[in-house]
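Here the structure is laid out as structure tokens; the discussion comes afterwards.
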Amino acid sequence: MRPLWLCWALWALPLAGPGVALTQEQILGSLLQQLQLSDVPMLDKAEVEELVIPAHVRAQYVALLQHSHGAHSRGKRFSQKFREVAGRFLASEASTHLLLFGMEQRLPPHTELVQAVLRLFQEPVPKAALRRHERLFPRSSRARVTVEWLRVRDDGSNRTSLVDSRLVSIHESGWKAFDVTEAVNFWQQLGRPTQPLLLQVSVQREQLGPPASSAHRLVRFASQAASGGQREPQLELHTLDLKDYGAQGDCDREVPEIEGTRCCRQEMYIDLQGMKWAQNWVLEPPGFLAYECVGTCQQPQESLPFKWPFLGPRQCIASETASLPLIVTTKEGDRTRPQVVSLPNMRVQKCSCASDGAPVPRRLEP
């Protein structure tokens with residue numbers, strides 16, 4: 001049974017027509033439409049590699065990601081919650097840290113990841129250092145903490161993907177939470193359950209340019225060795241048990257799709273890095289879980305008291321969708337700069353049965 005998608009008239013750009021899964025042509029078409037372009041821009045690879053994503057662009061992108069995660073998890077019941085201690089916390093530089101989490105058997109079958117949270121304990125700044133900083137930089141007391149998923153490719157090269165970024169104050173201490181749901185989603189798509197999850201945490205200036213505040217140098221997170229296990233980094237996974245809570249309608253990953261499968265939402269990963277047109281243009285994300293609706297729907301009996309002649313057979317369609325935020329490279333004259341754009345209706349949130357776009361009620365009133 002091939003996936004069936006709903007073409008709602010109110011959508012700015014439909015995901016796909018009935019019986020056709022989301023294609024890279026549709027993603028490209030939506031992106032060109034949002035940017036009001038007629039074709040893919042010609043960009044210099046070397047120039048793009050040297051491009052620095054400004055803090056406000058990172059913050060805008062992360063806010064859209066978190067909004068999408070929040071909409072997805074709202075109203076859902078978490079079936080389990082656990083904390084996994086980081087296996088290693090390495091400081092490669094004074095302001096950049098690498099965290100390694102063992103993930104084997106941490107996401108059991110028949111579960112859906114709803115949210116992943118990284119918790120780091122921010123150490124209090126010594127009073128003498130705090131007074132010295134306030135004397136030199138009276139108006140600067142914050143630093144930007146950025147969390148990225150680190151992928152080590154087969155050829156040994158690395159690729160980072162932005163998953164969260166927020167400001168922290170040097171006057172505060174205690175646990176700080178970062179949404180790393182996207183990172184765990186990326187890790188899952190690698191299909192290597194024994195491979196650890198690598199997260200790179202960077203502490204940077206609140207913004208580039210003068211005055212060159214040193215507030216970021218005062219932000220310290222407790223490591224496993226220094227905290228003695230009391231304040232070590234933690235990865236908190238919130239999952240949904242699909243066996244106990246099947247109302248979500250996600251397909252069973254362990255059961256192959258066969259004729260007669262009930263209407264359900266199935267994972268479908270879109271690899272943006274593998275699309276030639278996206279190279280040097282789409283900076284974030286490297287890919288995304290779009291999902292698709294598959295399976296069959298029960299048809300109304302012929303003995304209904306009335307008929308709708310304009311309605312066809314009930315089909316399994318996407319009844320709720322979410323937008324996909326991207327960071328892309330734009331060209332304005334000789335200037336190249338990053339920009340955030342949101343593509344509507346790219347992620348399927350819920351699948352339902354409907355007849356030619358009109359949902360059929362579960363029971364008919366007499």
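From a predicted model like this one, the values you see are computed outputs, not experimental measurements.
By the neighbour-count criterion of 12 heavy atoms within 6.0 Å, atom CZ of R166 is densely surrounded, having more than that number from other residues, nucleotides or ligands.
Formation of a donor-acceptor pair under 3.5 Å by the S342 side chain with backbone atoms of P325 is not found in this model. The backbone N or O of E25 lies less than 3.5 Å from no partner atom in the side chain of W277, so there is not a single donor-acceptor pair. Side-chain atoms of T321 do not come within 3.5 Å of backbone N or O of R347 as any donor-acceptor pair. The backbone N or O of T329 lies less than 3.5 Å from a partner atom in the side chain of W281, making a donor-acceptor pair. With hydrogens and angles disregarded, no donor-acceptor distance shorter than 3.5 Å links the side chain of Q339 to the backbone of T330. The backbone N or O of S169 lies less than 3.5 Å from a partner atom in the side chain of Q122, making a donor-acceptor pair.
Rounded to the nearest 0.5 angstrom, N185 CG and Y269 OH are separated by 9.0 Å. Between the CD atom in Q234 and the CZ atom in F101 there is a gap of 8.5 Å [rounded to 0.5 Å]. Distance CG/L237 to CD/Q115: 10.5 Å, rounded to 0.5 Å. Atom NE2 of H97 is separated from atom CG of L199 by 13.0 Å, given to the nearest 0.5 angstrom. Note that CD of E232 is 11.0 Å distant from CG of L99, once rounded to the nearest 0.5 Å. One finds the CG atom of L113 at 9.5 Å from the NE2 atom of H238 (value rounded to the nearest 0.5 Å).
As summarised for C297 and C353, their two SG atoms come within a distance smaller than 2.5 angstrom, satisfying the threshold. Remark: SG of C351 is not found under 2.5 Å from SG of C264.
A chain of hydrophobic side-chain contacts below 4.5 Å, direct or via other Ile, Leu, Val, Met, Phe, Trp or Tyr residues, connects F186 to L107. Hydrophobic clustering, with ILVMFWY side chains joined whenever heavy atoms are under 4.5 angstrom apart, keeps M103 apart from V117. Note: the hydrophobic cluster containing M42 does not contain L28 (ILVMFWY, side chain heavy atoms under 4.5 Å, direct or indirect links). V125 and F121 end up in different hydrophobic clusters when Ile, Leu, Val, Met, Phe, Trp and Tyr side chains are linked at under 4.5 Å. Grouping the Ile, Leu, Val, Met, Phe, Trp and Tyr side chains by contacts below 4.5 angstrom, directly or via other members, places L118 apart from L167.
Side chains of V163 and L65 form no contact here, defined as non-hydrogen atoms less than 4.5 Å apart. Within the 4.5 Å cutoff, no side-chain heavy atoms of Q189 are placed close to those of D271. Side-chain atoms of E123 and S173, non-hydrogen and from C-beta on, never get closer than 4.5 Å to each other.
Taking both residues in full, the closest heavy atoms of R205 and R144 are given as O-CB, 3.9 Å, listed atom of the first, atom of the second, then distance.
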Under the side chain to side chain contact (heavy atoms under 4.5 Å, CB included) criterion, do V180 and L197 qualify, and how do the steps go? CA-CA 11 Å; V180 294; L197 172 71; 5.8 Å; no
